[in-house]
Amino acid sequence: MSEDKATAKTSQPGPEAIESVEELLAHAYVIEVDAVERYNLLADQMEVHNNSELAALFRKLAGHEEHHAKEILERAGDKALPKLKSSDYKWGEFEAPEAAELDRAHYLMTPWHALQMALRAEKRAFAFFDQLVKTAKDDEMKKWSEEFREEEAEHVRLVEELLTRYPEPAEDWAEDPDPPVYLE
Amino acid sequence: MTAGGFLLEAAARSGWFGLMTRSVGPQIRGGEAAALLRFSNRRVDVPAESYNILFVVDWLNFDRFSAEIHLTPDTMVIADPDSGEVPEVVVKSGARMFDMPVKQVLGAIEGGRPNMLATGVVGGIIGLPIDTIYELIQDNLGSKGEKAVNSSKATVEAGYRFAETLTDAPALAEPKKSDKRRWIITGNEAAGLGAVRGGVRFAAAYPITPGTEILEWLAPNLRKLGGALVQAEDELASINMVIGGSYGGVPAITATSGPGLALMTESIGLAVAAEVPCVIVDVMRGGPSTGIPTKSEQSDLNIAVYGLHGDAPHIVTAPNSVSDCLFTTQWSVYLAEAMQTPAIVLSDQFIGQAKIVIDPPADIAFVGKRLLAQNIEGEYRRYAVTESGVSPMAVPGVAGGQHTADGLEHNPRGTPSTRAEDHMTQMNKRLRKITGFDYGSHWAEIDGEGELAVLTWGSCTAAALEAVEAAREAGIAVKLISLRLISPCLPDAMAKALEGVKKVLVVEQTHSGQFANYLRAQYELPSEVRSYHIPGPLTIRPSEILSQIQDWS
Amino acid sequence: MTAGGFLLEAAARSGWFGLMTRSVGPQIRGGEAAALLRFSNRRVDVPAESYNILFVVDWLNFDRFSAEIHLTPDTMVIADPDSGEVPEVVVKSGARMFDMPVKQVLGAIEGGRPNMLATGVVGGIIGLPIDTIYELIQDNLGSKGEKAVNSSKATVEAGYRFAETLTDAPALAEPKKSDKRRWIITGNEAAGLGAVRGGVRFAAAYPITPGTEILEWLAPNLRKLGGALVQAEDELASINMVIGGSYGGVPAITATSGPGLALMTESIGLAVAAEVPCVIVDVMRGGPSTGIPTKSEQSDLNIAVYGLHGDAPHIVTAPNSVSDCLFTTQWSVYLAEAMQTPAIVLSDQFIGQAKIVIDPPADIAFVGKRLLAQNIEGEYRRYAVTESGVSPMAVPGVAGGQHTADGLEHNPRGTPSTRAEDHMTQMNKRLRKITGFDYGSHWAEIDGEGELAVLTWGSCTAAALEAVEAAREAGIAVKLISLRLISPCLPDAMAKALEGVKKVLVVEQTHSGQFANYLRAQYELPSEVRSYHIPGPLTIRPSEILSQIQDWS
Amino acid sequence: MTAHTAPAFKASDYKSDIKPVWCPGCGDYHVLLSVTRALAELGRRPEDVACISGIGCSSRIPAYVNCYGFHGVHGRSLPIGTGLKVARPDLTVLVAGGDGDGFSIGGNHFQHACRRNIDITYIVMDNRVYGMTKGQPSPTTEPDWDSALSPGGTGLSPFHPLVIALASGANFVARTFSGDPNRTTEVLVEAIKHPGFSFVQILSPCVTFRPDERGWKDVVHTAAVEETDDPARAARRIMTDDGFNIGILYRGNRAPYKLTGREATSDTDQLGEMFAI
Amino acid sequence: MTAHTAPAFKASDYKSDIKPVWCPGCGDYHVLLSVTRALAELGRRPEDVACISGIGCSSRIPAYVNCYGFHGVHGRSLPIGTGLKVARPDLTVLVAGGDGDGFSIGGNHFQHACRRNIDITYIVMDNRVYGMTKGQPSPTTEPDWDSALSPGGTGLSPFHPLVIALASGANFVARTFSGDPNRTTEVLVEAIKHPGFSFVQILSPCVTFRPDERGWKDVVHTAAVEETDDPARAARRIMTDDGFNIGILYRGNRAPYKLTGREATSDTDQLGEMFAI
Ligand SMILES: Cc1ncc(C[n+]2csc(CCOP(=O)(O)OP(=O)(O)O)c2C)c(N)n1
Ligand SMILES: Cc1ncc(C[n+]2csc(CCOP(=O)(O)OP(=O)(O)O)c2C)c(N)n1
Ligand code: SF4
Ligand code: SF4
Ligand SMILES: [Mg+2]
Ligand SMILES: [Mg+2]
């Protein structure tokens, strides 16, 4: 699998188009919510495919992100966050930056792969806020962006640290002598 | 190759026979899967009643297979104590549990894989020569480089070492070697080979489980014979392509399963009326509707025999074992060509997908030979009324043989007609073709004598045969009659086969007893008839049939 | 309107009953055609054995009809001596020939047409009041202006005048008037009306002879009821549209004939598995394949009963007369809805297209009522296992009833399952639904008592009834059992109906004896069974059946 | 093609002795004429030509042509023709039928036959109605045409068979009018000669159920522009034309279907050996 | 649309509790996500939505959506959807499935559903392969893609579903990429809202049999030009694009299917009277 980003050509604007603190917070919140959704989905997939180790790991990651999501809402306080529709997003890429890339999932994947996935997600989130810091429309936005950016940086560090515990699996990790099955 | 494949081939190379089936979960890939193997020193055509050895990679979703994998107190279960809780059904079976630190062993070998360990453990227990397995590894993984070969060998060896530690292990009887190289083949492959042996050189295909493999076997191999396979847009197209190819004089086939057969019936009726030979293999799966595509059932008997609209006599055959798929398909091509009518071959998921070791099959004489009209002089009458009912067929290219094949009722020339006389004449002719044909002894396999006869067909045959043999050993005389020709019926042949028989036990894998009803409708049976019919997905086991026999004796 | 139409309606208005069928040549339009009429002062459901009057416009291609139009020495043949040579079969019949200068008479009247002359001659001979015919002319041609009306009247009158010159003319028995206005209806129209009476409000259509008229009747009339008919691209679409409409909670129907039914079987199986009620009317024609589209046959029995792949229990019914198309179609909608399963109604070309005079049918209580799930709390289980086998169905729009209807085998919730237990449970449930249902007395029409029973179905019933009545008059006690419910079988009801019966004569219009084979397979019959089966295109005549009865008594 | 060595044939050599059941006045008589003329011009031996059809008035044509014929079931003529041509590449295969047969029930095969681009010629006698079953609307029928089955009209915009053919990959697309047998013959000759899948829509009036179609002879007109080998251009042109534009509208140069590796290099015994262990 | 009165829905309200059997990595997971998001944005009550499919991996989607669902037989989803919508015009009907289901066996219904222009939305998860049956070429598969059933490739040029949709009369035609769920959601919202037949092709990689399709994310690109309501223009554009052009490519304004005269003006007793003499 190539290491390039899940971004590619998108017609949607990037974070530089975010106009207000409320909009920024709404995006930050969606980032976490989508991340939760993805990790849960991946956990489900791994459960269905009998990869229980990974199911547990993804479930745990989902838990972390859920915690972050809650935090953002708390920190937003009484600010009324706009409800974003898919056409309102300003990711500058296909997906919310912290959403794990579903297309990279594999039923034989190892914790190393999962953490690589998480790492790329955190890095994308970092890049998103980093860009916002550069293009923030006002100081308050900039302040929030910096805070989020630092948090993501911290997450990147955490995941990197975790990764040291898991060696990269052998090249043929995805090889499966069992053929796919014919259904229906 | 999977562990099952390695073991089957290693056993075959060492002189044993064997049978392998697979069972899988609903996931497309990466789901739970089980390979079920049975070895013997004579041919085996039916899965084991219960298993001697269960090697477990993990217990996840084992329940899905528990109905298929019978364990007894004799069974050796080898599993990693870390691979999860042992399912209740396993505990209850009283099987002997052997702990093996699978993960740990694999972890210690670079590139160590569960399939190789399983191969080693099971190979070790049953006493397959380790060198044969090494040979196989070399043959199959050699291209991946020495490292892969060595790690596989090491893993297998670890398995053998573990096997040595086990006590009271079951061992295989002495192998029976043979001069000729044995074959490993699935029923679907055998059907493909049978088709081309029978003369098929054209096929049309629309994939469907579990018939696809026949088509996938034919795709490259027909080309090698100068023939062709076309992938069609749907089954309506594939059956009509087959009719078109055959109208051109080229014996033609398609393979499908129940839903596809249902789509084809209108046009199979066309082949009946227009008298165009063709062969349709229906690899049956659980019905109705989409049903259970990955599991076996014999419930397409009704549609195969009765599923065409109008009175449309045609041929229905059924292979009675994995290897018989070769003979029956070849024979069906021959029958279809000889009688210029469609033949439906009822195989099923079990015999289609099971892999088996067999002695190389003999060359059979049946090759499709159509009665052709050549050197035509005067008015050509495509549907001329003949004694046999078969009319010489002109194929395109033959001068003077121009005619229009028609699904409308017609007169002998082929011109549409609504006259009662033409209708009756052509109906009689089309029926006579197939009821008056000499099918020889192939219409059924008949074994033994007795006042009680087991009457069965298709993939139930092997189980019935084992049951009958067991009954004989227990002193009960039982006759076995397994029909290979399902339709038309041969009342005289059956009457002869039933001479002296007072009781008939009909065995089949359906919910409604389709075969029993069909026999009742079409044959004179002794007054005492019992019907043992169980739908899929589980294959009927010899012991079930045996207990039916015992109950009734 | 044709001469036949005028005569039938005039007779009906005057208190007679009657039946009209038509027979035509292969030309799309303008070919030879014959209208066959029978009048009586009680209801007639079967064409005449032989004809009293033959009015000939010209003799061209008369041979095509000679097998259908039996002439006797009593028959009056009225023909223009200039209209060609009298066919040999007519001469041989010994029929009485009456010359009429048809061309000359018509030439003398401006706008004089043969159909009016025929109406006049026949009306005159059999004694229809000429004023009734004038009335009809006014009603039907009034819009064309006075000139047209007058010339028609003049032509009719000329016919009456000619009739007066004839001696020994056959006359009708006294008419039986009624307070209520009688109906003139074809079986296909009756089926359409039955459908909407049963609650059908959605139909999907693909035209095919002879089913099209049902669809053409429904097209405008469903709209008037707030319903809809969609013309589909083919039968695969029409049956699936019907399933879709019915899944939405709207009782739905389609009509077709053999080739179309063959295309529908896969999806009818879906309706079985997914438990979606629907009704398919198959107006049978001569088979196999395209066969003889304009003629009747009962040879779709097999495909209707056995033509679905897998074990797929469903309902098959058959109207036993032209007017019974109304009752049976309505009842079938009721059955399908009650049991949430498809019902195939086997009508045929004869009863579908014959036009008949009947007393206005009574209002029948059967209106489709589906067991619906409403006010759903907790987890909804679409395929919940119930005692009757019928599970409450949630239709879109009902909150909490969301589920996925599935043709894959499933558990009670509808989730796909390959487990043996789920398969068995759902198979049993689907079978139980239809075998455990209380069909009341409608499953068959039973008439009389006797040691000999005629067992028949569908459009053979009327002929059988006449034969049985004639036999009784001749002193032979015969019982008639005509099945309206073809499938499922009701062994207890049949056993009761057969009490005291020692011999059974099975009568049907097929080549292979499909009905007889079906009965043998599914019922316990007395040991003496004879099968009288004749394929189309000619309808079976009462005298044929009578002679079978006499032969055997 | 062996045209240069073949003996000279007359149109009548391709006519059978069976008399059509068509209504007098039906456009299909003209089509029959044009088909036999085209075959005579091509000089292909009658026994080397096969004419395959489905069910409908127009689908009766095989019996009237003195070639090998197959009157199949409704809507499946193209698969029969496809199977025949792949099994017997030496034959000239014509497939013929009606608009109902080809575009309604047979619509899927139509698309896929175009895509497969096998060297056959498909002739649709388009009368915008189901003639054989007594006048129901077909996919090419005008939305407001009243009939028993669709009272008041279907309300559906008609199907564009030529665009579909192009979009699906047919290699030759033409429209002609039955009442212009010379031009039709010419087009059929070109269609049969052209490699790959050729589609010819022949506007052929149904005088019985669509008597208004007698008026077609006054509205058809020759395509104003040159034929093209650019499918996108051709599609645009056809999508915007009035449906009465007559001529060869597209003549492509896609390679016709060919199965590679189809040489007898093995026998069945050798194939069996693959199972030996 | 009742969005303004309906309570606010979350995407998760449209997800059922059944876990997909799809391979991890399969594009269809993304499609499921987008469909549930689109429904939430539209705010239609789950019980007022029906999702109909055929057979294939992608066709498993109804069970995963918490709406009414129908998992029919292979290739017949559109007729089921059509029957449902005509019988129950009050429902929102989505029809979904794969390229094999929709363009191969179901190709005829596809054309005719476009032509009929009933107000339903048809979503095809196009992975250019038959996933469920282990990797055979579908109509959209590249000609040189090697497989067991077509060794060396089919040699056939792929089918252009969007052109066919346009030519057949679909009223809304779009292409999206599963890996771009936001844009896909947006397009689906528009498709469902647009009256008449809306067709959305979602490029959805099959990671098991077409692992190369993971690379699609690098090649898809947004349609360079504005959407159009001119079908001929749209067709030409799509016929010449590279198949990876993403966006709403046609938004027509043909009136959706409507049966005239469908008002309950009679009852069955009255209808019976027509037979009285
Ligand atoms: C499976 C099936 N469905 C329906 C029919 C009935 N049918 C026969 S011909 C026809 C339509 C013919 O229309 P078309 O193809 O346009 O031919 P035309 O008669 O107009 O030349 C139909 C619906 C049939 N024979 N078989
Ligand atoms: C009548 C019939 N024919 C064939 C099949 C087998 N079949 C099941 S799914 C499928 C193709 C699926 O391909 P696609 O629609 O592209 O879905 P995917 O799995 O790729 O999502 C086929 C051929 C069937 N179920 N029924
Ligand atoms: S009905 Fe129409 S199409 Fe058929 S033969 Fe007559 S004129 Fe021709
Ligand atoms: S086989 Fe392909 S399409 Fe099917 S679930 Fe797996 S990745 Fe998806
Ligand atoms: Mg037509
Ligand atoms: Mg696909």
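Order of the sequence lines fixes the chain letters, A, B, ..., with proteins taken first and strands second; residue numbering starts at 1 for each chain.
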- Answer key: most heavy-atom pairs under 4.5 Å with chain B among C/Pro259, C/Ser257, C/Pro313, C/Gly258 is C/Pro259
- Query: Quick check: does any side chain N or O of C/Thr425 sit under 3.5 Å from a backbone N or O of C/Glu421, one acting as donor and the other as acceptor?
  - Reply: yes
- Query: Testing C/Asn240, C/Thr256, C/Thr265 for side chain to side chain contact (heavy atoms under 4.5 Å, CB included) with C/Glu235, which one passes?
  - Reply: C/Thr256
- C/Ser23 and C/Lys295: side chain donor to acceptor below 3.5 Å: yes
- Task: Identify which of C/Asp282, C/Asn428, C/Leu519 forms the greatest number of heavy-atom pairs closer than 4.5 Å to chain B.
- Result: C/Asn428
- When only pairs under 4.5 Å are counted, which of C/Gly287, C/Ser299, C/Pro416, C/Gly513 shares the most heavy-atom pairs with chain B? C/Ser299
- Message: Heavy-atom pairs under 4.5 Å with chain B - which of C/Met424, C/Arg419, C/Arg64 has more of them than the others?
- Response: C/Met424
- Message: Between C/Tyr523 and chain B, with a heavy-atom cut-off of 4.5 Å, which part of the residue counts as in contact: side chain, backbone, both or neither?
- Response: backbone
- Residue part contacting chain B, namely of C/Asp406, when any heavy atom lies under 4.5 Å: neither
- Message: With ring pair (Phe, Tyr, Trp, His ring centres under 6.0 Å) as the criterion, how do C/Tyr383 and C/His410 come out once you've worked through the C-alpha distance, each side chain's angles and the decisive distance to 0.1 Å?
- Response: CA-CA 8 Å; C/Tyr383 302 109; C/His410 41 252; 4.1 Å; yes
- Query: Is it true that C/Arg285 and B/Glu409 make a salt bridge, defined as a side-chain N closer than 4.0 Å to a carboxylate O?
  - Reply: no
- Note on the structure: If one checks every heavy atom of C/Leu236 against chain B at 4.5 Å, the contacting part turns out to be side chain
- Query: Where on C/Ala67 is there a heavy atom nearer than 4.5 Å to chain B: the side chain, the backbone, both, or neither?
  - Reply: neither
- Message: Heavy-atom cut-off 4.5 Å, strictly under: side chain, backbone, both or neither for B/Arg430 against chain C?
- Response: side chain
- Message: Within the 4.5 Å heavy-atom criterion, are C/Ile280 and C/Met264 side-chain neighbours or not?
- Response: yes
- Message: Below 4.5 Å, heavy-atom pairs only: which of C/Ala262, C/Ala521, C/Gly307 has the largest tally toward chain B?
- Response: C/Ala521
- Task: Give the member of B/Leu538, B/Thr418, B/Ile534 that has the highest number of heavy-atom pairs under 4.5 Å with chain C.
- Result: B/Thr418
- C/His511 versus chain B, the contacting section by heavy-atom distance below 4.5 Å: both
- Message: Check this for me, if you would: do C/Glu68 and C/Arg541 make a salt bridge, where the nitrogen-to-carboxylate-oxygen distance has to be below 4.0 angstrom?
- Response: no
- Message: Looking only at heavy atoms and a cut-off of under 4.5 Å, which of B/Asp311, B/Leu270, B/Thr290, B/Asn302 has the most pairs with chain C?
- Response: B/Asp311
- Find out whether C/Thr510 and C/Pro535 are in side-chain contact, i.e. whether some heavy atom of one side chain is under 4.5 Å from a heavy atom of the other. no
- Of B/Thr294, B/Ile268, B/Leu408, the largest count of non-hydrogen pairs under 4.5 angstrom with chain C goes to B/Leu408
- Taking B/Gln298 for the side chain and B/Gln509 for the main chain, is one N or O donor matched with an acceptor at less than 3.5 Å? yes
- Query: Based on non-hydrogen pairs under 4.5 Å, which of C/Leu431, C/Val272, C/Asp300, C/Val305 is most in contact with chain B?
  - Reply: C/Asp300
- No-hydrogen, no-angle side-chain donor-acceptor test under 3.5 Å, C/Gln514 and C/His533: no
- Message: Side chains of B/Gln27 and B/Glu32 only: does a donor on one sit below 3.5 Å from an acceptor on the other?
- Response: yes
- Note on the structure: The interface call for C/Leu261 against chain B, heavy-atom contacts under 4.5 Å, is neither
- Task: Against chain B, label C/Ser417 side chain, backbone, both or neither, depending on which of its atoms sit under 4.5 Å from a heavy atom there.
- Result: backbone
- Note on the structure: Greatest number of non-hydrogen atom pairs under 4.5 angstrom with chain C, of B/Ala312, B/Ala273, B/Gly291, falls to B/Gly291
